[in-house]
Amino acid sequence: MHDWNVSVQEALDLQERLQHKVILSNGFDPARLKTVAGIDASYADDQALAVVCVLSFPELTLLEQAKISLPNPFPYVPGLFSFREGPAVLKALETLTLTPDLLIFDGHGYAHLRRFGLASHIGVYLDCPAIGCAKTRLVGEYAPPGPDLGDFSPLTDTTSSGQETIGAVVRTRPGSKPLFVSVGHKIDLPTAIQIILKCLRGHRLPEPIRLADQISKEKYIL
DNA sequence: GCGACAG
DNA sequence: ATCTTGTCGC
């Protein structure tokens, strides 16, 4: 679709050109969701290590996992995260036997400076439904969500045309910091929130992400 | 000019 | 993300 070995300026141009391809409505039937994939990565010695965990839904049983590394990742630049993590993630997804119905990323989707975070970029690139799940804020303002599991408040951002809801700040676990959920691609925000809540197993992070996060930190490639 | 800034 | 000891708060 496009080259990933780009300069900072080229990366910015790509985001500007592709951001309009993001679809914020459901491109699938939530009732027929059978498999979800949690995606995360770690970095060490100039190597990016991407991990993909495919789980059944709503049972959340691990069905398959992919773990692959790639050298010389793009540097970390706030707003251009997909160019750092994207290449390794795509390579890991290629080795998958199963084709997950939905991708869940450790990072933002629509809640991005140019509305094109990691989840949106990969979602559009593969034309697959995707959700962004970040542990901290990149852009936008919000009021702390209620204290109970499932409570959430809107994440808004000011644009030339006024205020816009770009995501939701969700209480995924009482007493813990909230999670920043945003649309990646082919899904609407309410549905994304519902699915994330159904992926919780008593932790702050949804099970697919928690698993991928854990495995990516176990520096060992099979 | 001075902060803020996914992982 | 990664590097890292003790320590403040619930």
Side-chain angles (χ1 to χ4, degrees), chain A residues 4 8 11-12 14-15 18-19 22 37-53 67-93 103-125 130-142 144 147-148 154-159 165-185 189 192-193 196 204-206 208-221:
Chain A
W4 288 86
V8 168
L12 291 171
L14 276 171
Q15 295 189 324
L18 301 173
Q19 66 172 142
V22 175
I39 302 172
D40 191 26
S42 62
Y43 302 84
D45 296 303
D46 213 47
Q47 291 273 321
L49 178 61
V51 172
V52 177
C53 292
K67 195 172 187 178
I68 198 63
S69 65
L70 217 52
N72 311 308
F74 188 87
Y76 171 68
V77 178
L80 298 182
F81 186 54
S82 63
F83 290 89
R84 177 173 176 73
E85 193 143 315
V89 166
L90 288 173
K91 184 179 177 184
L93 286 170
L103 307 179
I104 301 177
F105 292 86
D106 185 330
H108 293 99
Y110 194 73
H112 177 273
L113 299 132
R114 289 167 291 283
R115 309 291 180 264
F116 204 65
L118 174 68
S120 294
H121 197 156
I122 303 303
V124 166
Y125 193 87
I131 294 176
C133 260
K135 295 186 283 294
T136 63
R137 181 199 81 100
L138 173 60
V139 293
E141 304 174 343
Y142 65 95
D148 302 327
L155 177 63
T156 64
D157 195 26
T158 307
T159 316
T165 293
I166 59 176
V169 186
V170 186
R171 187 70 65 189
T172 55
R173 179 176 174 175
S176 297
K177 292 182 53 180
L179 193 66
F180 296 74
V181 178
S182 62
V183 170
H185 185 54
L189 188 56
I193 295 174
I196 290 305
R204 177 166 83 112
L205 298 178
I209 290 295
R210 196 184 68 72
L211 255 182
D213 185 85
Q214 175 190 305
I215 297 174
S216 71
K217 289 176 180 174
E218 300 172 349
K219 320 283 186 183
Y220 199 125
I221 302 177

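Sequence lines set the chain letters: A, B, ... in the order given, protein chains first and strands last, and positions in each chain run from 1. Keep in mind it's a predicted model, so treat the numbers as computed, not measured.
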Taken to the nearest whole Å, CG/A:L49 to P/B:dG7 is 17 Å
Please confirm whether the shortest side-chain N or O distance from A:R137 to OP1 or OP2 of B:dC5 is below 4.0 Å.
yes
A:R114 CZ - B:dA6 P separation (whole Å)
13 Å
Does B:dC5 have OP1 or OP2 under 4.0 Å away from a side-chain N or O of A:T136?
no
Geometric class of the A:W4/A:F83 ring pair [parallel <30°, tilted 30-60°, perpendicular >60°]:
tilted
Write down the distance between CD (A:Q15) and P (B:dA6), rounded to a whole number of angstrom.
14 Å
Rounded distance in Å - CG (A:D40) to C1' (C:dA1)
9 Å
Within this structure, what is the CG-to-P distance between A:D157 and B:dC5, rounded to whole angstrom?
13 Å
Could you check whether A:Y76 and the base of B:dG7 form a stacked pair, meaning centres closer than 5.5 Å and planes differing by less than 30°?
yes
Using distance only, find each side-chain donor-acceptor pair of residues 39-51 of chain A under 3.5 Å and give its atom names and separation, not counting sequence neighbours.
unit_1, atom_1, unit_2, atom_2, d
A:S42, OG, A:S216, O, 2.7
A:S42, OG, A:K219, NZ, 3.2
A:Y43, OH, A:E85, OE1, 2.7

Checking all strands, does A:G175 fall into the base, sugar-phosphate, or nothing category for heavy-atom contacts under 4.0 angstrom?
nothing
Looking at A:F74, does the NZ or CZ of A:R84 lie under 6.0 angstrom from its six-membered ring centre and within 45 degrees of the ring axis?
no
For A:L179, report the nucleic acid contact type (base, sugar-phosphate, nothing); a contact means any heavy atom under 4.0 Å.
nothing
Between C1' on B:dA6 and NE2 on A:H112, what's the gap in Å once rounded to a whole number?
8 Å
Pairs counted as Watson-Crick or G-U wobble with both distances under 3.5 Å: what dot-bracket string results for DNA chain C, using | for bases tied to another strand?
..........
Whole-Å distance between B:dA6 P and A:F74 CZ?
15 Å
Please examine the side chains of A:C53 and A:I215, heavy atoms only from C-beta on, and report whether any two atoms are closer than 4.5 Å.
yes
Less than 4.5 Å apart, any side-chain heavy atom of A:L179 and any of A:P206?
yes
Evaluate side-chain contact (heavy atoms from CB on, under 4.5 Å) for A:L138 paired with A:H112, printing each intermediate quantity in order.
CA-CA 7 Å; A:L138 173 60; A:H112 177 273; 4.0 Å; yes
Any side-chain heavy atom of A:K177 within less than 4.5 Å of one from A:K135?
no
Atom NE2 of A:H108 to atom P of B:dA6: distance rounded to whole Å?
8 Å
With a non-hydrogen cut-off below 4.0 angstrom, is A:L113 in contact with a base, only sugar-phosphate, or nothing?
nothing
